[in-house]
Amino acid sequence: KWKGEGTTQNLESIVIGRCYDYIRILNPAVGEKNCSEIWEAFKNAFVNKDPCSILPEDYELFINLSLHTIPPNKSLFWENNQLLVNSFAARGRRYMSVGDTLFGFFADFLNWCGQPNSTGLEYESCPTTEECENNAVESFWRMASITYAQHSSGVIHVLLNGSAVGGAYPEPG
């Protein structure tokens, strides 16, 4: 039906595990979080809805439940170089990119979407951004990026890829 890959297999187990990994090992300073409640808020943002009608605001409860302080002077914004940023940031020890926050770590490199009139996930295919901008993943990252920017402070660092096809600042970026 759609051109994009379907929901990542075992999504619930992966994201709940990532949540516990984050709060217990990667960044215990964020304090106690209810990972099952965070998963439910995440899932409820996109299940039982048209996969092309998911808005960034649909993730608001998820963001509020997973939000934590981003240390001043450690924010690292980027475009077109995720793997380099992950290495450079050192999982939040040197800098904290959006993927080093709990809400970003929760979903990094995963894919997901639901189905209209169903509480199940769609494993066969999900819409790409080219097919519809208001898909589950695109809207998630828009909300995560907005939240990350709003909670960043102090000296802000930016890492761009000047060698990327289309330049360092892509049109939809």
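Side-chain contact between Asn161 and Glu79 is absent, with no heavy atoms from C-beta onward closer than 4.5 Å. Residues Ile38 and Phe62 have side chains in contact (heavy-atom distance under 4.5 Å, counting atoms from C-beta outward). Side-chain contact between Thr7 and Cys126 is present, with heavy atoms from C-beta onward closer than 4.5 Å. Counting heavy atoms from C-beta outward, Phe46 and Asn135 have side chains that stay 4.5 Å or more apart. The closest side-chain heavy-atom distance from Ile146 to Ile63 is not below 4.5 Å. Trp2 is listed as a side-chain neighbour of Cys52, based on a closest heavy-atom distance under 4.5 Å. Residues Asn86 and Asp108 have side chains in contact (heavy-atom distance under 4.5 Å, counting atoms from C-beta outward). Considering only heavy atoms from C-beta on, Tyr95 stays 4.5 Å or farther from Val85 through its side chain.
The heavy-atom pair separating His68 from Met96 by the smallest distance is CE1-SD, 4.2 Å. In terms of heavy-atom proximity, Gly120 sits nearest to Val47 at O-CG1, 4.2 Å. Counting all heavy atoms, side chain and backbone alike, Lys33 lies closest to Leu65 at CD-O, 3.5 Å. In terms of heavy-atom proximity, Thr101 sits nearest to Val98 at OG1-O, 2.6 Å. Looking at every heavy atom in both residues, Ser75 comes nearest to Ser153 through OG-N, 4.3 Å.
For Tyr22 and Phe106, the gap between ring centers reaches or exceeds 6.0 Å. Ring centroid separation for the pair Phe140 and Trp112 comes in under the 6.0 Å cut-off.
At distances below 3.5 Å, at least one donor-acceptor pair connects side-chain atoms of Lys74 with backbone N or O atoms of Arg93. Of the possible polar contacts, one joining the Gln115 side chain to the Leu121 backbone as a donor-acceptor pair under 3.5 Å is found.
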Next item on the list: Starting from the C-alpha separation in whole Å, work towards a yes-or-no answer on side chain to side chain contact (heavy atoms under 4.5 Å, CB included) for Met143 and Phe103.
Entry: CA-CA 10 Å; Met143 184 62 159; Phe103 52 88; over 6 Å; no

Next item on the list: Start with the C-alpha distance between Leu11 and Phe42, add both sets of side-chain angles, then the distance that settles side chain to side chain contact (heavy atoms under 4.5 Å, CB included), and finish with yes or no.
Entry: CA-CA 11 Å; Leu11 182 68; Phe42 175 77; 4.2 Å; yes

Note to self: Pair Arg18, Leu110 - check side chain to side chain contact (heavy atoms under 4.5 Å, CB included), show working.
What the structure shows: CA-CA 12 Å; Arg18 284 183 177 186; Leu110 300 176; 3.5 Å; yes

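Paired with Phe88 under the rule side chain to side chain contact (heavy atoms under 4.5 Å, CB included), one option of Asn81, Leu159, Leu83 passes, and it is Leu159. Tyr59 pairs with exactly one of Thr147, Ile54, Asn64 by the side chain to side chain contact (heavy atoms under 4.5 Å, CB included) rule, that one being Ile54.
Here His151 pairs with nothing under the ring-ring contact (aromatic ring centres under 6.0 Å, His included) rule; sequence neighbours left out.
There is a side-chain donor-acceptor pair under 3.5 Å between Arg142 and Ser139.
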